[in-house]
There are 2 protein chains.
Amino acid sequence: MTPSERPRRRGRPTAPLLSQEKITAAAVELIEARGYTALTMAALARQLGVAPSALYNHVESKRQLLLWLQDHVNKEIDCSGFGDRPWDVALESWAHSYREAYARHSLLVPVIAVTPIAGSPHTVAMYETVAAGLRAGGWPDDQVMDVVVAIESFVLGSALDAAAPDDIFDVPGDQAPVLAEVVGARVGRDAARAAFDLGLATVLAGLRERLKALAG
Amino acid sequence: MTPSERPRRRGRPTAPLLSQEKITAAAVELIEARGYTALTMAALARQLGVAPSALYNHVESKRQLLLWLQDHVNKEIDCSGFGDRPWDVALESWAHSYREAYARHSLLVPVIAVTPIAGSPHTVAMYETVAAGLRAGGWPDDQVMDVVVAIESFVLGSALDAAAPDDIFDVPGDQAPVLAEVVGARVGRDAARAAFDLGLATVLAGLRERLKALAG
DNA sequence: ACCTGAACACCGTTCAAGT
DNA sequence: ACCTGAACACCGTTCAAGT
C-alpha cells in the first residue's frame with residue numbers, strides 16, 4: 001500500500017477487465033470446447049465479453065497468445081522423475097507426458113519449435129530440470145542438449161502423428177501390395193501410440209548403450 | 001489421334017492455361033523465392049498470369065495444393081538404398097534425405113502428418129519402397145509400420161527443429177544455470193544437425209538391437 | 001490506463017457472366 | 001471447358017475517440 005506517485009484518478013478505480021491469466025484461461029476454454037480453428041481474436045474477445053480491439057491492450061499479437069498457451073501447456077508436463085529416478089526412467093515418463101500434452105495442442109507444435117524459450121518461464125524451468133537430470137545421470141555437458149533436442153523432436157513429431165486419422169495409410173492393395181499388407185498386419189487399436197512406444201523404447205535403449213560406451 | 005466422341009468446338013481449341021503441373025511448379029517457384037508466407041492464392045494466380053478464381057477450375061482448395069506440394073517434395077526423397085543396401089543403411093540415408101527435404105518445407109509438416117496418403121502417388125510409392133525394404137531386412141510385418149512411423153515422427157520433428165533460430169535456447173544464466181551451461185557447451189555450428197545425427201544413430205542402434213533380439 | 005466502434009488490408013472461396 | 005470480375009465472409013490489427 002505504498003502511495004502512488006501519481007494522484008489517484010477520480011471515479012471508480014476501474015480495475016482492468018483483462019489480464020494474461022484471464023486471456024489464457026479463456027483461450028484454453030475455447031480450444032477445449034471447439035478446437036483450434038475456433039480460436040480467433042474475435043471469438044476470444046466474445047468469450048471474455050469485450051471488444052476484439054481490447055485484447056491488444058494486453059497481448060501484442062495472436063502469435064504471442066500462442067506462446068502464452070505454450071507456457072501454460074508446458075507447466076503441466078511431468079518432470080518429477082528427474083531428481084529421484086534414474087535419468088532414463090525420468091526421460092521416459094517426461095517424453096510420455098510431453099507427447100500427451102501436445103497431442104491435444106498439435107497446432108502449437110510448429111510455433112513452439114521455432115520460438116526462443118526465454119520469454120516463457122515454465123518452459124525454461126522445464127528445460128532446466130531436464131538438463132540437470134541428464135547431467136546428474138552422467139551425460140557430458142556437450143551432449144545434453146543434443147539428447148534433449150533429439151527426444152523433443154521425436155516427441156513433437158509423434159504428437160503430430162497422434163492427431164492423424166487411423167486410416168492415413170490405407171491404400172488400394174494393387175498399387176502398393178507390401179504397404180497394404182504391413183498396414184493390415186498392425187495389431188491393436190492405437191497405431192500412433194504403438195509406434196511412439198516402439199520408438200521411445202528403441203531410442204532409450206540406444207541412449208543407454210551410448211552412455212555406457214562413453215563411460216567405459 | 002482417335003476421333004473424339006463429341007464434336008470439336010469451333011474457333012481456337014483454347015488449350016487450358018493451367019494444369020496441376022503448372023500450378024505446382026509455380027507454387028514451388030514462389031516458395032523458393034519468397035517463402036511460404038508468400039504462397040497465397042492471389043500471388044499464385046499472379047505468378048501464372050491468371051485471375052485468382054481461375055485456379056479453382058483446377059484445384060479444389062489451398063489445402064489440396066499443399067498436398068500436391070507434398071507429393072512433389074516426396075518425389076525427391078532418396079529411397080535408393082532399399083533394395084541393394086542393408087535395411088539400416090538404407091533407412092539412415094532415407095531419413096537424412098527426408099529431413100533435408102522438409103527442413104525446406106516445414107510449413108507442410110503439420111499438413112502431411114494428418115493427411116491420408118492415398119491421393120498422392122509418389123508418396124505411396126515411397127512408403128511401398130520403405131516397407132518392402134524393411135520386410136526384406138527381416139522385420140516382421142506387424143512391426144514394419146511402427147518402425148516407419150517412429151522414424152518419420154523423428155524426422156519431421158527434426159525438420160521443424162531445423163527451422164528454429166540458433167539462439168532458441170539462450171536464456172539468462174541466473175534463471176537456469178545448468179541449462180545455460182549445457183547450451184554453451186555445445187560445440188560446432190549446426191546444433192540442430194548434431195541433435196538429429198545423435199538421435200538417428202541412437203535409434204538405429206536401438207533398432208538393430210531389437211531386430212537381433214527378435215531373430216534370436 | 002483501458003475500453004469501444006469503425007475502419008483497413010488482407011485472406012480463401014463462390015458465382016454469374018462471358019467465350 | 002475454362003476464364004474474368006465482382007462479391008462474400010471472414011481474418012488479424014490499428015486507431016481515434018471516449019472514460
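Not measured: the values here are computed from a predicted model. Below, chain A is the first sequence line, B the second, and so on; all start at residue 1.
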Atom CG of A/L39 and atom C1' of D/dC10: how far apart are they, to the nearest Å?
15 Å
Out of D/dT13, C/dC3, C/dT13, which has the shortest distance to the side chain of B/M41?
C/dT13
In which ranges does DNA chain D form stems of 3 or more consecutive Watson-Crick or G-U pairs, distances under 3.5 Å?
C:4-8 with D:12-16, C:12-16 with D:4-8
Side-chain donor/acceptor of B/S97 to backbone N/O of B/S93, under 3.5 Å
no
Quick one: does any side-chain atom of B/K22 pair with a main-chain N or O of B/L48 as donor and acceptor, under 3.5 Å?
no
Heavy-atom check, side chain of B/V149 versus side chain of A/F169, under 4.5 Å:
yes
Could you tell me whether B/R85 atom CZ has more than 12 heavy atoms of other residues or ligands within 6.0 Å of it?
no
Ion pair check, B/R135 and B/D141, cut-off under 4.0 Å:
yes
Donor-acceptor pair, distance only, cut-off 3.5 Å: does the side chain of A/D71 make one with the backbone of A/T123?
yes
Backbone N or O of A/H58 within a donor-acceptor pair of the A/Q20 side chain at under 3.5 Å?
no
Would you kindly give the CG-to-P distance between B/L18 and D/dC2, to the nearest whole Å?
9 Å
To the side chain of A/T40, which of C/dT13, D/dC11, C/dT4 is closest?
D/dC11
Anything under 30° is parallel, anything over 60° is perpendicular, the rest tilted; go ahead and classify B/W94 against B/Y98.
tilted
Near DNA chain D, which residues from residues 51-65 of chain B have a heavy atom under 4.0 Å away?
B/A51, B/S53, B/A54, B/N57, B/H58
What is the distance, rounded to the nearest whole Å, between atom CZ of B/R46 and atom C1' of D/dT4?
16 Å
